[in-house]
Amino acid sequence: MKGKSLYWKFPLLVLLVLGTFYIARQRHAETGSGTETPYLHNEGFIFGTVYNITYQSNSDLHEQVVRALESVDAEFSMFNEKSTVAAINRGENPVRSEMFKEVYDLAQTVNGDTEGAFDITVAPLVNAWGFGFKNDSLPTQEQVDSLLKIRSQLDFSAIAKGYGCDIAARVMKENGVKNFMVEIGGEVVTSGVNPKGEKWHIGVSTPKEGNVPSDASLQAVVTVDNSAMATSGNYRNFYYKGGRKYAHTIDPRTGYPVQHELLSATVFAPTCAVADAYATSFMVMGLDKAKALLDRHKELKAYLIYTNKEGSLCVWQSPGLSIEEP
């Protein structure tokens with residue numbers, strides 16, 4: 001699972017995606033698609049990260065989007081003491097909304113499909129390894145074994161941000177908006193065309209240890225056509241202790257940080273919640289198992305960056321992806 005305990009606290013978990021790298025040009029109500037309806041741009045801060053939404057509309061929908069995103073936060077934030085998840089983690093039994101049930105059921109489906117690689121009860125292990133809530137010492141084998149047996153906290157960080165993108169996109173569609181791009185911390189949903197009348201293009205950054213979105217070089221530019229995209233990776237959130245590197249992705253089946261060649265996984269899916277969940281799962285599963293799962297799911301595509309035995313950076317991508325050089 002994603003090692004940062006929750007996206008609300010760690011904005012850099014967005015990770016690899018430069019998220020709609022052309023947003024600066026889109027802020028000026030350009031109308032390149034050949035109609036008189038302007039493109040509007042809204043931005044703000046939610047879930048511990050920033051969001052950018054560009055859409056073609058005569059009406060500013062920002063207030064509706066904010067309300068929708070806040071409703072997601074009210075369900076799934078571990079750091080909002082009034083949230084449903086926070087109440088459950090305190091041992092309470094709050095009423096589960098339809099939204100909560102929808103995301104919970106999806107998480108359970110992905111967990112079963114990935115043989116336990118996507119487990120929303122991983123939070124205690126994430127915290128034990130020093131990601132999420134601060135922990136100054138490494139857990140012992142006995143502590144890991146104990147946590148594997150008694151996990152009770154829920155952590156939706158690896159799916160709720162993607163779901164937030166879906167909810168914002170739903171606001172667009174309910175208001176008749178056909179051309180839009182929603183980006184929250186690197187997770188993306190697109191529809192129609194951008195202000196230039198072209199399909200939406202998203203940058204994926206090169207996984208270079210320690211870089212951040214503002215200084216990362218682009219590995220590729222991907223066309224996201226009426227689809228959703230989410231990325232997970234290890235190269236920005238890690239630490240060294242005792243000469244050993246500990247990456248933030250925790251394998252919920254072993255209780256230990258993963259150790260394999262996959263550096264980042266970008267997944268394309270019909271919804272961003274699905275893309276988000278599988279991107280995290282792939283980082284737990286590794287390259288070969290991720291490719292095997294993609295063979296079973298033709299509705300999913302992926303762009304996977306990994307290192308070979310010689311330590312060189314390599315890429316594997318699903319057939320049919322539209323990839324350009326940056």
Side-chain angles (χ1 to χ4, degrees), residues 14 16-44 46 49-66 68-69 161-205 213 216 218-231 266-276 279 298-303 317-326:
V14 278
L16 324 174
V17 181
L18 291 181
T20 67
F21 48 102
Y22 299 130
I23 276 177
R25 292 187 299 177
Q26 297 171 355
R27 291 181 180 176
H28 301 290
E30 299 177 5
T31 58
S33 60
T35 73
E36 305 233 351
T37 305
Y39 274 80
L40 306 180
H41 178 80
N42 299 146
E43 61 183 45
I46 195 73
T49 188
V50 296
Y51 64 85
N52 290 278
I53 303 173
T54 301
Y55 55 100
Q56 188 180 31
S57 173
N58 287 314
S59 302
D60 191 327
L61 303 175
H62 196 198
E63 287 189 9
Q64 293 185 46
V65 169
V66 169
L69 294 178
K161 186 150 58 74
Y163 184 75
C165 286
D166 293 331
I167 290 297
R170 192 176 300 175
V171 171
M172 296 291 118
K173 293 176 182 178
E174 289 173 349
N175 284 275
V177 177
K178 296 181 179 179
N179 300 316
F180 64 83
M181 181 280 306
V182 175
E183 181 262 331
I184 304 178
E187 323 293 35
V188 178
V189 176
T190 71
S191 176
V193 296
N194 66 18
K196 288 193 168 187
E198 303 171 348
K199 295 177 181 179
W200 298 93
H201 307 293
I202 311 297
V204 179
S205 63
L218 283 178
Q219 175 75 22
V221 176
V222 185
T223 299
V224 184
D225 184 15
N226 295 305
S227 182
M229 164 184 163
T231 302
T266 300
V267 175
F268 305 85
T271 70
C272 203
V274 169
D276 204 3
K298 301 305 180 184
E299 78 280 11
L300 303 178
K301 295 184 185 300
Y303 185 83
Q317 67 187 61
S318 297
L321 279 181
S322 179
I323 307 290
E324 301 175 8
E325 294 291 328

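Bear in mind that the values here come from a model prediction, so they are computed numbers and not experimental data.
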- [ ] I would like to know whether Val274 and Leu300 meet side-chain contact (heavy atoms from CB on, under 4.5 Å); could you show each step before the answer?
- [x] CA-CA 9 Å; Val274 169; Leu300 303 178; 3.9 Å; yes
TODO: Please lay out, stage by stage, how Lys161 and Ile46 fare under the test side-chain contact (heavy atoms from CB on, under 4.5 Å).
DONE: CA-CA 9 Å; Lys161 186 150 58 74; Ile46 195 73; over 6 Å; no
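Counting all heavy atoms, side chain and backbone alike, Leu40 lies closest to Ser59 at CD1-O, 3.5 Å. The minimum heavy-atom distance linking Ala169 with Val189 is given by the pair CB-CG1, 3.8 Å. The nearest pair of heavy atoms linking Leu61 to Tyr55 is N-OH, 2.9 Å. Closest of all the heavy-atom pairs between Ala230 and Ala279 is O-CB, 3.8 Å. The shortest heavy-atom contact between Ala228 and Ala275 is O-CB, 4.4 Å. Between Val182 and Ala168, the shortest heavy-atom contact is CG1-CB, 3.8 Å.
Summarising the geometry, atom CD belonging to Glu183 is positioned 9.5 Å from atom CE belonging to Met229; distances are rounded to the nearest 0.5 Å. Atom CZ of Arg170 and atom OH of Tyr163 lie 5.0 Å apart (nearest 0.5 Å). Note that CH2 of Trp200 is 5.0 Å distant from CG of Asn194, once rounded to the nearest 0.5 Å. The CZ atom of Phe180 sits 12.0 Å away from the CD atom of Gln56 when rounded to the nearest 0.5 Å. Interatomic distance, CD1 of Ile323 versus OG1 of Thr266, reported as 8.5 Å (0.5 Å rounding). Atom-to-atom distance recorded for Asn58:CG and Asn175:CG is 12.0 Å, nearest 0.5 angstrom.
Side chain of Asp276 to backbone of Cys272: no donor-acceptor contact under 3.5 angstrom is found. Judged by distance alone, with hydrogens and angles left aside, the side-chain atoms of Asn179 form a donor-acceptor pair with the main-chain N or O of Val193 at under 3.5 Å. In this structure, the side chain of Glu187 engages the main chain of Thr231 through a donor-acceptor pair within 3.5 Å. The backbone N or O of Pro319 lies less than 3.5 Å from a partner atom in the side chain of Lys301, making a donor-acceptor pair. In this structure, the side chain of Thr223 does not engage the main chain of Asp225 through any donor-acceptor pair within 3.5 Å. Counting only distance, with no hydrogens or angles, the side chain of Tyr303 and the backbone of Val222 share no donor-acceptor pair below 3.5 Å. Without hydrogens or angle criteria, Thr37 side chain to Ser57 main chain gives no donor-acceptor distance under 3.5 Å. When atom types are taken as modelled, the side chain of Thr190 and the backbone of Asn226 share a donor-acceptor pair closer than 3.5 angstrom. Judged purely by atom type and a 3.5 angstrom limit, His41 has no side-chain atom pairing as donor or acceptor with the backbone of Tyr39. Under a 3.5 Å cut-off, the side chain of Asn42 and the backbone N or O of Thr54 do not form any donor-acceptor pair.
The environment of CD in Glu299 is crowded: more than 12 heavy-atom neighbours from other residues, nucleotides or ligands sit within 6.0 Å.
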